[in-house]
Q: 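One structure follows; several queries about it will come next.
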Amino acid sequence: MPKTTNIPAQQPAERRSDDRYDPRRIEEKWHARWQADPELYAASPHDSTRKKYYVLEMLPYPSGALHMGHVRNYAIGDALARYMWMQGYNVLHPMGWDAFGLPAENAAIKNKVPPKKWTLDNIAHMKAQMKRLGFAYDWSREVTTCLPEYYRWNQWFFLKLYEKGLAYRKKSKVNWCPECATVLANEQVVDGCCWRHEETKVEQRELEQWFVRTTKYAEELLAGLDQLEGWPEKVRTMQRNWIGRSEGAMVDFRLEGPAGPAGNKITVFTTRIDTIFGATSVQLAPEHPLVADLAADDDDLRDEVDELVGEQVKAKEAGDIGAIEKHGVFTGRYAINPFNRERLPIWVANYILMDYGTGAIMSVPAHDERDYEFAQKYGLEVRVVILPRRIGEPPAANEKEEPVLPYTLTDSLLINSGDYNGLSNQEAIAKMTDFAEHNGFGKATVTYRLKDWGISRQRYWGTPIPMIYCDKCGVVPVPENQLPVLLPDNVDITLEGGSPLGRVPEFVNVKCPRCRGTARRETDTMDTFVDSSWYFYRYTNAKLNDRPLDTPTIDYWFPINQYIGGVEHAILHLIYSRFWTRFMRDLGMVHNSEPALRLFTQGMVIKGGAKMSKNKGNVVSPDDMVARFGADSARTYALFAAPPDRDLDWQEAGVEGVFRFLSRAYRFVTRNAGAQQDTGSVAVLSPKSRGIQRKLHQTIKRVTDDFQGRWHFNTSVAAIMELVNELYGVEEEIAAGKFSGNVLADAQRKLVLLLAPFAPYLAAELWETLGEKSALLRHPWPEYDPVFAKEDEINYAVQINGKVRAHVAVPADSTEPFVRERVPTDAKVQAAIAGREVVKVIVVPGKLVNIVVR
RNA sequence: GCGAAAGUGGCGGAAUUGGCAGACGCACCAGACUUAGGAUCUGGCGGGUAAAACCGUGGGGGUUCGAGUCCCCCCUUUCGCACCA
């Protein structure tokens, strides 16, 4: 353990003990008091007299212990919650546990401890840590997702999804993580690897799985982003990209020659139907169903296609499908362009993806870089059909028909396109789509990159999917009144051979709810992102046991005013929960369409330039920080070291600095708490008293502005440090009885109020020291008075030709003409401009004077 | 390749609208108090100079009385997207 300079316990005992900041003593004292008062942080259920404020931090996975990222996240939310309480709001500030998930199973395998015990033990420990850190949570609303009281409603919602046609079962290629031994959603695959195992390549497996129809809300999820002005633009962009809306048209190209089982036409998706006269081939994804037909009697072609499939799979697994070297093979067959009856060769190409659009494209080498590259490689015709020129504009003298020129949809027109020549691209798109629709070989289409959410997991520690398979009746939902389907205990957990629940006969074997015949339960569990998609609704009424939530209560609390968490959930959790909210809205259970008005994504906590991780051995333990410096120092440092949206480099010496600051605040207030009050006759304050009064109000303004605006709590803390430094500067005057007692008492009380959101333990202790009996948390936030904050005198910076050469003090209420006249007469200024001609004098009121000379 | 954010002392960072660059903290240096200091207090602390001048916000240009801040070009880092037809 590294040696530190400033451990309270190591200070000699003979120092004046009442003068020494001992966070352990203070924090243990208040911790005990706060524990005894469960109502302290409770939100009022329905308080129409006060405005509500719902501040939410993303709930943690109970991995075992809090890390510094948690501390930072919660320190931000807690400061905000406490500030809003002091502003008089009815604050809802809850906490819970995202308690299902694979690590519990891994721990079970490794340590032979049941997942439930492991999880609940971890929760108990982490909850104690949170309480010790002084976070003001309303624990009466705690949500633990692995308990039947919660997950039964996951099952209930699943039945609703099924009832509404939003949950369905489908056999398809799915992402499989061999490390997790389970399927992953598309959102959980990052660069071809598992989101939890960054080194593990995700494999493709053909499985029958449950899907949730997130795509039903694709359009709305996209459009809603425009309204989410309180969300970081970065997150909105990421979601827009993920949804990947693309407007275009489907067009059928009839197959020439015999048709096989896959039909007699190729449907392509294109966003650029206006370039269709420039199409010189049709290209299929290697896994397109038609390819099997075309290669039916051609072993060589089949081999070549297999090679293409292999190349694509390899590139996908490597995560660089974008860099794949284009490779294709001509099938020997042709398709007919419905617009001009041309025969186009049909190719199969390794860069065409089956899971986007229709898995088939028309290739227009002249106006698409990829098609151009492919055409160059294989000698396909390049036919220009667009000129980069406005309609009616005369051709430039050197106009050439060149491929792949940059052009916009409005500044261009069609050529070599039959009846459509001379139209702008925009017009052509509309007319050609119409034409295709009227003639039955195409239609306008919107495609999305977003896919339905695969929620089946072949794991034990999750919500059982409430479905039953009956040989006679098929898929039968578990009747609502039989919920919850309880997760059995004592399950043999391994990471091999499918769902652990499948090895529990008393779970699997069940009577069919319809025909009473023998049937089998679904043995997969739900993705844990189901749990976190709606947990924040449950907080409003966590103990309801006859329904998941109470709509009037939701209407009072929602939407969430401020959501705070890591940017790593920009796609996953934040898109699922936006989906879930709309689904609940359409069930009539909530009336908001978005869960959260504002989202804040805090930066990471790093150490020595690297993210804290056990592998790198650079983890700082919150317990250790609390033991050595106290919770207040750890929390305040987490806010002081960097603006909350930036990465924070944890430096132990910095925590010591904050500890020193809190010590100074503590010592000042304890030493001067009993200062005598003025008798009332002092009309004019001493300059130092006035100075403190001014600094106090300037500080109130700075801290309040930070809460209202940018949340740069690092500058808030710095401002309070300045105030404390200034107070130290007047201690002699206080000791001599020359300082205004009223100003001192006011400054001390307000200093404590300003500290309260950041260092709640210290603030509570000092509040009591000052003889205050009221609850600090509900005490009104101090108000800034501009009259007190105003400077008496302004020290103007005087520039000569833009360089500062002197300072001249003038009374603060000086008019601009006065300053303009007074400043140049100053001796130092005179000396600086001696002998030169004054061309111009620029006065910036309250700041500076610039004298331009020649 | 496309898009976004960032680049300021030895370090973390300040400067919200174009107006005194480096607040606040760390580290460091000096002094005071002390048997002692790793406590506390006071002072110093971008480079440079005896003191000035002068030079300094990734680099280069520009606009302006005045640029960390605005404009143009370039470099680096981080993040996101990347044959999406």
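Just so you know, these numbers use all the heavy atoms, side chains as well, and skip hydrogens, waters and symmetry mates. On a predicted model such as this, the values are computed, not experimentally measured, just so you know.
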Q: What's the OH-C1' distance between A/Tyr21 and B/A39, to the nearest Å?
A: 16 Å
Q: Would you indicate which nucleotide in B/G25, B/U42, B/A82 comes nearest to any side-chain atom of A/Arg449?
A: B/A82
Q: Salt bridge check: are A/Arg370 and A/Asp368 linked by an N-O gap of less than 4.0 Å?
A: yes
Q: Taking atom types as modelled and ignoring hydrogens, do the side chains of A/Tyr356 and A/Thr447 form a donor-acceptor contact shorter than 3.5 angstrom?
A: yes
Q: Judged by atom type as modelled, is there a donor-acceptor pair below 3.5 Å linking the side chain of A/Arg822 to the main-chain atoms of A/Ala809?
A: no
Q: State which of B/C11, B/C20, B/C81 makes the closest approach to the side chain of A/Gln651.
A: B/C11
Q: Just compare B/C83, B/C65, B/C84 and give me whichever is closest to any side-chain atom of A/Lys840.
A: B/C65
Q: Write down the protein N/O and nucleotide N/O pairs, taken from nucleotides 13-19 of chain B, whose separation is under 3.5 Å; answer none if there are no such pairs.
A:
residue : atom : partner  : partner atom : Å
B/G13   : O3'  : A/Asn714 : ND2          : 3.2
B/A14   : OP1  : A/Asn714 : ND2          : 3.0
B/A14   : OP2  : A/Arg646 : NH2          : 3.1
B/A15   : OP1  : A/Arg710 : NH2          : 2.6
B/G19   : N2   : A/Gln799 : OE1          : 3.4

Q: For nucleotides B/G48 and B/G9, find the distance between their C1' atoms and express it as a whole number of Å.
A: 14 Å
Q: Any base atoms under 4.0 Å from A/Ile352, or only sugar-phosphate, or nothing? Heavy atoms, all strands.
A: base
Q: Can A/Asn350 and A/Glu311 be counted as having a side-chain donor-acceptor contact under 3.5 angstrom?
A: yes
Q: Would you mind reading off the distance between A/Met362 atom CE and B/C84 atom C1', rounded to a whole angstrom?
A: 15 Å
Q: Looking only at side-chain atoms of A/Met721, point me to the closest of B/G80, B/C24, B/U42.
A: B/C24
Q: For A/Arg72 and B/G12, what is the distance between atoms CZ and C1' respectively, to the nearest whole Å?
A: 12 Å
Q: Would you indicate which nucleotide in B/A82, B/G80, B/C26 comes nearest to any side-chain atom of A/Arg660?
A: B/C26
Q: Base, sugar-phosphate or nothing for A/Asp355? Non-hydrogen atoms, less than 4.0 Å.
A: nothing
Q: Quick one: is the NZ or CZ of A/Lys326 closer than 6.0 Å to the six-membered ring centre of A/Phe374, and within 45° of its axis?
A: no
Q: Just confirming the chi classification of B/G9, syn or anti, using 90° around 0 as the syn window.
A: syn
Q: Rounded off to whole Å, could you give me the CE-to-C1' distance for the A/Met238 and B/A4 pair?
A: 11 Å
Q: Between B/C11 and B/G18, how far is it from one P atom to the other, in whole Å?
A: 29 Å
Q: What I want to find out is whether A/Arg694 reaches A/Glu726 closely enough, with some N-O distance under 4.0 Å, to be called a salt bridge.
A: no
Q: Base, sugar-phosphate alone, or nothing: which one does A/Arg854 contact when heavy atoms must sit under 4.0 Å apart?
A: nothing
Q: Over how many whole Å does the gap from A/Phe629 atom CZ to B/C26 atom C1' extend?
A: 13 Å
Q: On a whole-Å scale, what distance lies between the P atoms belonging to B/C26 and B/A21?
A: 25 Å
Q: What is the separation between atom CG on A/Asp368 and atom C1' on B/C83, rounded to the nearest whole Å?
A: 9 Å
Q: Give a yes/no verdict on a cation-pi contact between A/Arg383 and A/Phe277, requiring under 6.0 Å between NZ or CZ and the six-membered ring centre and an angle within 45° of the axis.
A: no
Q: Looking only at side-chain atoms of A/Val804, point me to the closest of B/C79, B/C84, B/C20.
A: B/C20
Q: Less than 6.0 angstrom from the centroid, inside 45 degrees of the normal: does A/Arg449 satisfy that with respect to the ring of A/Trp242?
A: yes
Q: Quick one about A/Glu731 and A/Asn672 (side-chain donor to acceptor, distance below 3.5 Å, no hydrogens or angles considered), yes or no?
A: yes
Q: Specify the separation, in whole Å, of atom CD of A/Gln283 and atom C1' of B/C84.
A: 15 Å
Q: What's the closest nucleotide to the A/Asn725 side chain, out of B/C20, B/C24, B/C84?
A: B/C24
Q: Do A/Gln283 and A/Tyr351 pair up side chain to side chain, a donor and an acceptor below 3.5 Å, judged on atom types alone?
A: yes
Q: Looking at every strand, decide which applies to A/Arg805 at a 4.0 Å heavy-atom threshold: base, sugar-phosphate, or nothing.
A: sugar-phosphate
Q: My validator wants the stems of RNA chain B: runs of 3 or more consecutive Watson-Crick or G-U pairs, both distances under 3.5 Å, written as range with range.
A: B:1-7 with B:75-81, B:10-12 with B:24-26, B:28-32 with B:40-44, B:58-62 with B:70-74
Q: According to salt bridge (charged side-chain N to carboxylate O under 4.0 Å, His left out), does anything in residues 633-651 of chain A pair up with another residue at least two apart or in another chain? List the pairs.
A: A/Asp78-A/Arg635
Q: If we take the C1' atom in both B/G37 and B/G31, what is their distance in whole Å?
A: 15 Å
Q: In this structure, how many angstroms lie between the C1' atom of B/C81 and the CD1 atom of A/Ile243, rounded?
A: 14 Å
Q: Taking the minimum atom-to-atom distance to the side chain of A/Arg667, which one of B/C24, B/A85, B/C41 wins?
A: B/C41
